[in-house]
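In what follows, a single structure is set out as structure tokens and then discussed.
Quick caveat: nothing in here was measured; it's all calculated off a predicted structure.
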Amino acid sequence: MRRKHNKLRYVLSISLLISFCFIFKNYQTVHAQFVYDQPTLFPKGLTFSDYFIKGTASPNNAITDRTSVNGDSIQITSPANGQKGYVWSNQDSKNYFNLNEKQTLSMWVFLGNDETPGDGLTFVLQNSGLDAAAKAKNGTTASGQTMGTWGTDDDYTSSSSPQGVAAKAIQNSWALEFDTYENVLNSGASMFNNGSIDKAFNGNSSFDSLLNINSGYSHIAYNYPAEADTYVQHSDYSATTGIINLPTKTFWYSMLHSGLRSTPDNNKSSSLKLSNGMWHHLTFSYQPPTDGSTTGHLSYVFDDKVLAADDSVTAVKQPVSESNIPIDTSEFYKNSKQQFSSNEGKVLWGFTGSTGSNAARNMVEFESIPSLVEGSADANIYDDSQASKELSSTDNTIYNGDNVRLVYNIKRDSGENDWTGINATINLPSDINYTGGKIVYNDNTTEDISASDLSSGTLVKSIKDLLKTNDPSGATITLNGVANSSTPETDNEIASTTADFSGSDLIKDVDLQGFTIKATTMKLTPDNITLDIGSKSSIDANATVSYLDTSIPLDNSKITAHYKINDNSEKTQSLTSGTDGKLSISVARTDLNDGDNTVTVYVTDTDGNRSSPVTYTINKPTKVPTRIDADSDMYFKTINVSNQKQIVKRSGSWKVNVIDNGDPSNWKLSASAIQDPSSPKLDGDLLYVDNNGISKSILDGSAIQIADKSDFPANFISDGSTYQVANTWNDNDGILLETNSDVKSGNYKYDVTWDLTDSL
């Protein structure tokens, strides 16, 4: 008895030791897994009110009222085991996805910061309803590898089939998964405790078992959850529990991962890590089917920008994108249980997530709801000193002193609501001296932007509401400045900048590309940048060329001057031979406008060197323009009606004068006339008869030249500037009236247009 008693105590001692070790190990694992209880930093998102709604599937652990200073975040799963979360667009608040219209969705997702997270999120388009969820064979909601969306692999018997797995998925759906857990069980035996069939089997974990994603397990992929073709059946033999332990054929499934991405676009040798403490930005763009087709196309960009969820995390961008994914819209109307009819062309959209034995906090913050407001934004930069060149990824260079122009366009495109409450926050590129700008709306209203508005490096500006049914529906923001490199003797790389347009129902971000301010190795020193042409026919803009490196010898024959007068096209001029670097550009009076003009000059040489531009201001004195001075009312003589055609002469003095401003240009005067609408119609014609007796009608828009400065009689020019056109006519020429034989008595009126053309 004593030996038995000692043996029993020995067994119990071992049992207690094993139990203690297990508890300790489990505690340590949980403690290391969840780094964040919740993010401390949030991106800017929309305040949603009731635009989203928790799914009615139960249990649903999603939390939809997590409000931060930057908007409302939605928590799909908390960092706990066995979580299930479903959040859908609320059609009662006009939030849905329209398969028949162009759509853009943008949001931020947070997938935890864990070494062994589970299981991830799925973005889902579905037409099954608010109770949509992956289900187990007993009708309860499923977790683990289903992520709340995919079919459930919980039947290992011979009755199992791909159709049976698909039937337990969300019906009438398409999903894009952000999978953070490796589901790689790859044999029938691995489904069971100790490799033997156990009645406590609750589902397999094998959907990722055929993937080859190196040492990483995070991946992004898509497919149709309710299609049998999404699931691939495998079979194996497992032992049964009992006395004989006969092998029994068992069935398990892998999943087809369309568009599988397990590495970032910018580093194909690196494994994608989704649970890394980042808020990842996600944008979907959808193009509807063309006529006669049921296939739309969806594109997505993941990690086009990132935000650390905690100050201690270094932001790591892992961009992943795919374009023109075919979406068969008929898939949303296969199951008879439908939220919308095919005639409506709508589906619900949202996120699901679940956790199994591993967990992570999964969250979403939204930027746009296309059914409410759909908008667009773009940004471009132009170098106006280089013929208004638009900078691109292949040509992104400007020079110090160049005039640059930043242009941001925003537009409301579609949706149920106006785009209201828009605040623009435009981060400005460095090394530019900003001189001001303007907002131009498409209803032709404008707002000026002062240089002081741009002095802090960020423009913060309220934008008018962009309207659904009236203008303005769009705006163009133009900012002007001059490149002013902080390192003019070396190339200066200027980073890209972001502009944010945040409204009540839509947030749009756009990046302005970075650029390079090239080193300026030559110098152009003007003699005088303020000039006045006075009465001269031309004026010279003079300067001296030199190299910043004074050891480089000057050779005028290798140097070319480039200049532009006002906004006209660029011209070039070679320097005269020699080594003095002297430059003289002759500007003709006829190339200048009245008042102030600008002439912008820079030089290049045959070795690729270039100077910064120099701008001259040339004043051309303003004169009174050539103009017409004519009486408002002039008359013809009264005649007796007869049965014959008659010429009616002018009555009294007629004044038709041209006042010349003294420019050497030549003017010509023409006349045309119409019968005044208030006058009875005259049976006749209004003529111009020249001094050779040739008659031409000036009626009904026929413009006839009646005077020319080049051959105008000098004796009819008063004070050297007043050309008395009507005084050159005698009784039988000039403007006369002709009546036909059937003319009736009455008072008649004509409206005459004098057309003065002043040209070289």
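Across all their heavy atoms, L524 and A543 have their closest contact at CD1-CB, 3.7 Å. Looking at every heavy atom in both residues, D532 comes nearest to I539 through O-CD1, 3.5 Å. Scanning all heavy atoms of the two residues, the minimum distance from T728 to F712 falls at CG2-CZ, 3.8 Å. The nearest pair of heavy atoms linking T478 to N480 is CG2-OD1, 4.0 Å. Closest approach of N417 and R412 over heavy atoms only: O-NE, 2.9 Å. Between N442 and P472, the closest heavy-atom pair is OD1-CA, 3.0 Å.
No side-chain N or O of N484 forms a donor-acceptor pair with one of N400 less than 3.5 Å apart. At a cut-off of 3.5 Å, with distance as the only test, a side-chain donor of S557 or D555 sits close to an acceptor on the other residue. Q386 and D402 form a side-chain donor-acceptor contact under 3.5 Å, judged by distance and modelled atom types alone. Looking at D719 and T722, their side chains never bring a donor and an acceptor atom within 3.5 Å of each other. D755 and S670 share no donor-acceptor pair across their side chains, judged by distance under 3.5 Å alone. A donor-acceptor contact closer than 3.5 angstrom links the side chains of S504 and T420. Between the side chains of Q724 and N657, no donor N or O sits under 3.5 Å from an acceptor N or O. Side-chain contact of K508 with S376: a donor-acceptor pair under 3.5 Å is absent, judged by distance alone. For the residue pair N597 and N566, a side-chain donor N or O sits within less than 3.5 Å of a side-chain acceptor on the partner. Under 3.5 Å, the side chains of N619 and D596 contain a donor-acceptor pair of N or O atoms. Looking at K468 and S473, their side chains never bring a donor and an acceptor atom within 3.5 Å of each other. For N528 and N542, the side-chain atoms include no donor-acceptor pair closer than 3.5 Å.
Centroid-to-centroid, the aromatic rings of W419 and F501 stay 6.0 Å apart or farther. Ring centroid separation for the pair W729 and F716 does not come in under the 6.0 Å cut-off.
Between D384 and the choices K564, R405, K389, the salt bridge (charged side-chain N to carboxylate O under 4.0 Å, His left out) rule is met once, by R405. Among the candidates L575, I559, D580, the single residue satisfying the side-chain contact (heavy atoms from CB on, under 4.5 Å) test with L554 is I559. Partner of I410 under the side-chain contact (heavy atoms from CB on, under 4.5 Å) criterion, out of I439, L466, D378: L466 alone.
For N640, the CG atom counts as loosely surrounded, since its 6.0 Å shell holds 12 or fewer non-hydrogen atoms of other residues, nucleotides or ligands. Heavy-atom contacts from other residues, nucleotides or ligands closer than 6.0 Å to CG of N747 number 12 or fewer. When the shell of 6.0 Å around CG of D291 is examined, it contains 12 or fewer heavy atoms from other residues, nucleotides or ligands. By the 6.0 Å contact criterion, NZ on K709 is enclosed, its count of non-hydrogen atoms from other residues, nucleotides or ligands being greater than 12. Crowding of E390 atom CD: a count of heavy atoms from other residues, nucleotides or ligands under 6.0 Å exceeding 12. Other residues, nucleotides and ligands contribute over 12 non-hydrogen atoms within 6.0 Å of the NZ atom of K461. Counted within 6.0 Å of CG on L428, heavy atoms from surrounding residues, nucleotides or ligands total more than 12; the atom is thus considered enclosed. More than 12 heavy atoms of other residues, nucleotides or ligands sit less than 6.0 Å from atom CG of N715.
To the nearest 0.5 Å, atoms CG (D733) and CG (N691) are separated by 6.5 Å. To the nearest 0.5 Å, atom CD1 of residue I517 and atom OG of residue S485 are 4.5 Å apart. If you take OH on Y382 and CD1 on I398, they are separated by 14.5 Å, rounding to the nearest 0.5 Å. Here the straight-line distance linking atom CG of L583 with atom CD of Q573 works out to 6.5 Å at 0.5 Å rounding. Atom CD of E447 is separated from atom CG of D453 by 10.5 Å, given to the nearest 0.5 angstrom. Here CG of L756 is found 12.0 Å from CH2 of W754. Values are rounded to the nearest 0.5 Å.
Ring orientation note: the planes of H562 and Y602 are close to parallel, at an angle under 30° on the 30°/60° scale.
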Derivation and outcome, side-chain hydrogen bond (donor to acceptor under 3.5 Å, both in side chains), residues S456 and T458: CA-CA 6 Å; S456 68; T458 302; 5.1 Å; no
Are D383 and L391 close enough, and set up right, to give a side-chain contact (heavy atoms from CB on, under 4.5 Å), and what steps lead you there? CA-CA 7 Å; D383 188 333; L391 272 59; 4.2 Å; yes
Run S695 and L687 through side-chain contact (heavy atoms from CB on, under 4.5 Å) and show every step you take. CA-CA 6 Å; S695 301; L687 305 174; 4.3 Å; yes
Worked verdict on T757 versus W667 for side-chain contact (heavy atoms from CB on, under 4.5 Å): CA-CA 5 Å; T757 303; W667 54 258; over 6 Å; no
Checking side-chain hydrogen bond (donor to acceptor under 3.5 Å, both in side chains) for the pair E374/T104: CA distance, chi angles, key distance, verdict? CA-CA 7 Å; E374 174 70 293; T104 299; 3.2 Å; yes
Test T544 against K582 for side-chain hydrogen bond (donor to acceptor under 3.5 Å, both in side chains), laying out the working first. CA-CA 5 Å; T544 303; K582 294 298 183 181; 3.1 Å; yes
Please assess D413 against K411 for the test salt bridge (Lys or Arg N to Asp or Glu O under 4.0 Å), listing each intermediate value before the final yes or no. CA-CA 6 Å; D413 294 323; K411 185 175 181 292; 3.3 Å; yes
Residues D511, T497; criterion side-chain contact (heavy atoms from CB on, under 4.5 Å); working and verdict: CA-CA 6 Å; D511 290 334; T497 52; over 6 Å; no
Before you tell me yes or no, could you show the steps for S697 and D685 under side-chain hydrogen bond (donor to acceptor under 3.5 Å, both in side chains), namely the whole-Å CA-CA distance, both residues' side-chain angles and the distance that decides it to 0.1 Å? CA-CA 7 Å; S697 173; D685 201 355; 2.9 Å; yes
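The side-chain tip of K464 points at the ring of Y441 from less than 6.0 angstrom away and within 45° of straight on.
In terms of modelled atom types and a separation under 3.5 Å, the side chain of N409 and the main chain of T476 share no donor-acceptor contact. A donor-acceptor pair is defined here as one N or O able to donate and one able to accept, closer than 3.5 Å; no such pair exists between the side chain of D631 and the backbone of D633. In this structure a side-chain-to-backbone donor-acceptor pair under 3.5 Å is missing from R610 to Y399. S496 places no side-chain N or O within donor-acceptor distance of the main-chain N or O of Q513, the cut-off being under 3.5 Å. Checked by atom type and distance alone, the side chain of N433 never pairs as donor or acceptor with a backbone atom of G481 at under 3.5 Å.
A salt bridge does not link K558 to D605: none of the charged side-chain nitrogens sits closer than 4.0 Å to a carboxylate oxygen.
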